[in-house]
A.B. asks: 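Below you will find the structure I want to go over with you.
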There are 2 protein chains.
Amino acid sequence: MDIFPAMETVAQIFRSLEDETRLRIMALLLEQEELCVCDVMAVLQMPQSTVSRQLSLLKKAGWLKDRRVGVWIHYSVSRTLSPMHQYLLPVLRNFLAVTDAARLDRERLAERRKSCCP
Amino acid sequence: MDIFPAMETVAQIFRSLEDETRLRIMALLLEQEELCVCDVMAVLQMPQSTVSRQLSLLKKAGWLKDRRVGVWIHYSVSRTLSPMHQYLLPVLRNFLAVTDAARLDRERLAERRKSCCP
DNA sequence: TGACTATATCCAAAATTATGGATATATTCC
DNA sequence: GGAATATATCCATAATTTTGGATATAGTCA
């Protein structure tokens with residue numbers, strides 16, 4: 001695998017960010033070190049298959065990694081991002097967190113943290 | 001229109017870069033100040049309707065502007081890019097030009113310049 | 001005015017992607 | 001081992017996007 005991705009690879013990385021659900025997940029994981037699938041389900045208020053699929057797409061796209069913790073799978077932003085992913089990260093940091101959607105999701109996550117799971 | 005785009009707007013900007021044809025056009029216009037539709041057709045070797053549509057999508061997405069010069073429409077990178085577009089520009093500059101597809105397109109453009117239009 | 005060229009838009013078909021319920025897999029706890 | 005829970009994957013359907021030929025529009029030149 002080359003340092004410089006092919007044009008098609010560049011397109012795929014952008015494509016991984018075209019979906020609002022995936023962007024909401026990225027916004028969450030840029031603030032919260034780790035989240036399990038059920039956390040994300042609760043915050044996004046979407047069915048399990050949808051959330052699980054989008055998480056695995058983001059992993060496949062090189063953004064996330066996962067690790068099993070007992071019965072849960074914890075997702076977090078990969079620590080071995082490609083150069084292009086690293087270039088894009090500040091864009092996400094600057095423009096996702098300030099959206100209304102991200103703010104509402106943060107509130108729902110805080111609410112959930114109060115009532116469950118230490 | 002706010003300085004900070006909504007999540008859906010962020011998604012749309014990424015979506016505008018998900019297509020390989022559009023990325024090839026952006027790569028060309030980051031090196032070449034202005035191109036008319038027929039230049040792009042010749043370089044990409046794609047039908048007129050396809051090229052014209054993608055150019056107008058890139059314009060609609062905030063990347064390009066156009067101006068009429070006689071019977072031609074010249075497209076170029078907008079000089080009033082939004083903050084998010086400006087953040088993304090270096091990503092395009094760094095990762096598009098080095099692809100094989102972009103190199104071949106540059107060669108075809110140079111070839112065309114030799115044989116036609118001063 | 002009329003022929004010609006460049007470009008935009010329309011349209012129906014093809015291709016791609018997203019959706020969520022159903023099912024399969026894996027882990028824990030009793 | 002069996003029940004219960006979390007997650008991944010399958011599948012058929014729905015929604016979205018792309019495609020390119022056909023047509024419309026607009027400018028040029030004689």
Side-chain angles (χ1 to χ4, degrees), chain A residues 7-26 28-29 34-61 63-76 101 109 112 115-118, chain B residues 7-26 28-29 34-61 63-76 101 112 116-118:
Chain A
M7 180 86 67
E8 173 57 25
T9 312
V10 175
Q12 271 170 10
I13 295 174
F14 283 125
R15 198 172 298 143
S16 71
L17 300 174
E18 94 187 342
D19 182 271
E20 207 177 335
T21 303
R22 288 194 289 273
L23 289 181
R24 287 171 72 191
I25 293 173
M26 286 305 294
L28 282 170
L29 283 172
E34 273 195 332
L35 290 173
C36 67
V37 180
C38 55
D39 283 335
V40 180
M41 282 172 60
V43 172
L44 303 193
Q45 305 185 97
M46 289 182 158
Q48 185 265 330
S49 63
T50 298
V51 170
S52 176
R53 186 169 7 86
Q54 301 291 24
L55 281 166
S56 86
L57 283 175
L58 283 171
K59 182 188 167 197
K60 199 171 175 182
W63 288 108
L64 303 182
K65 66 186 172 73
D66 61 355
R67 71 181 179 109
R68 181 174 280 278
V69 179
V71 81
W72 297 276
I73 309 279
H74 287 200
Y75 281 89
S76 55
L109 181 59
R112 176 174 166 84
S115 59
C116 104
C117 354
Chain B
M7 180 86 69
E8 174 56 23
T9 311
V10 176
Q12 271 170 10
I13 295 176
F14 283 125
R15 198 172 297 143
S16 70
L17 300 174
E18 95 186 343
D19 181 89
E20 206 177 334
T21 303
R22 290 195 288 273
L23 289 181
R24 286 170 72 191
I25 294 174
M26 287 304 295
L28 282 170
L29 283 171
E34 273 195 332
L35 289 173
C36 68
V37 180
C38 55
D39 282 335
V40 180
M41 281 171 62
V43 173
L44 302 193
Q45 305 184 97
M46 287 183 159
Q48 185 267 328
S49 65
T50 298
V51 170
S52 176
R53 185 168 8 85
Q54 300 291 23
L55 281 165
S56 88
L57 284 175
L58 283 170
K59 183 188 166 197
K60 198 171 177 182
W63 288 108
L64 303 182
K65 66 185 172 71
D66 61 355
R67 70 181 180 108
R68 180 175 280 279
V69 178
V71 79
W72 296 278
I73 309 279
H74 286 201
Y75 281 90
S76 55
R112 174 173 167 84
C116 105
C117 356

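Throughout, protein chains are lettered first and strands after them, A, B, ... in sequence-line order, and every chain is numbered starting at 1.
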A.B. asks: Holding to salt bridge (Lys or Arg N to Asp or Glu O under 4.0 Å), I want the full list of residues that pass it with A:Glu8, two or more places apart in sequence or in another chain.
C.D. replies: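 Expected list: A:Arg15.
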A.B. asks: Could you check how far CD of A:Gln12 sits from P of C:dT17, rounded to whole Å?
C.D. replies: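 The distance from CD of A:Gln12 to P of C:dT17 comes to 9 Å, rounded to the nearest Å.
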A.B. asks: Measure the shortest side-chain to side-chain distance between B:Val43 and B:Arg24 over non-hydrogen atoms and say whether it is less than 4.5 angstrom.
C.D. replies: no
A.B. asks: I'd like to check A:Ser76 versus A:Lys65 (side-chain heavy atoms, cut-off strictly below 4.5 Å). Are they in contact?
C.D. replies: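 A side-chain contact under 4.5 Å exists here.
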A.B. asks: Can you check side-chain contact (heavy atoms from CB on, under 4.5 Å) on B:Phe14 and A:Leu23, steps first, answer last?
C.D. replies: CA-CA 10 Å; B:Phe14 283 125; A:Leu23 289 181; 4.3 Å; yes
A.B. asks: Any residue in residues 44-60 of chain B with a heavy atom nearer than 4.0 angstrom to DNA chain C? Just list them by number, or reply none.
C.D. replies: B:Gln48, B:Ser49, B:Ser52
A.B. asks: Would a 4.5 Å heavy-atom cut-off, applied to side chains only, mark B:Leu44 and B:Leu28 as touching?
C.D. replies: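 Side-chain contact under 4.5 Å: yes.
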A.B. asks: Please give me the minimum heavy-atom distance between B:Leu29 and B:Tyr75, naming the atom from each residue.
C.D. replies: CD2-O, 3.4 Å
A.B. asks: Could you check how far CZ of B:Arg15 sits from P of C:dT16, rounded to whole Å?
C.D. replies: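 Interatomic distance, CZ of B:Arg15 to P of C:dT16: 18 Å.
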A.B. asks: Just distance, no hydrogens or angles: give the donor-acceptor pairs under 3.5 Å from side chains in residues 50-61 of chain B, sequence neighbours left out.
C.D. replies:
unit_1: B:Gln54; atom_1: OE1; unit_2: B:Arg22; atom_2: NH1; d: 2.8
unit_1: B:Ser56; atom_1: OG; unit_2: B:Arg53; atom_2: O; d: 3.2
unit_1: B:Lys59; atom_1: NZ; unit_2: B:Asp66; atom_2: OD1; d: 3.4
unit_1: B:Lys59; atom_1: NZ; unit_2: B:Asp66; atom_2: OD2; d: 3.4

A.B. asks: Under the rule for salt bridge (Lys or Arg N to Asp or Glu O under 4.0 Å), what residues qualify as partners of A:Glu34, not counting sequence neighbours?
C.D. replies: A:Arg67
A.B. asks: By side-chain contact (heavy atoms from CB on, under 4.5 Å), which residues pair with B:Cys36, not counting sequence neighbours?
C.D. replies: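 side-chain contact (heavy atoms from CB on, under 4.5 Å) list for B:Cys36, sorted by chain: B:Cys38, B:Asp39, B:Trp72, B:His74.
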A.B. asks: Does anyone know the first and last nucleotide of DNA chain D in reach of chain A, 5' to 3', at under 4.0 angstrom to a heavy atom?
C.D. replies: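 First and last nucleotides in contact are D:dT5 to D:dT9.
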A.B. asks: Does any residue of residues 64-76 of chain A have a heavy atom under 4.0 Å from DNA chain D, and if so, which ones, in number order?
C.D. replies: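 Going residue by residue through residues 64-76 of chain A, the ones with a heavy atom under 4.0 Å of DNA chain D turn out to be A:Val71, A:Trp72, A:Ile73, A:Tyr75.
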A.B. asks: Sequence neighbours excluded, which residues qualify as side-chain contact (heavy atoms from CB on, under 4.5 Å) partners of B:Ala101?
C.D. replies: A:Met7, B:Thr99
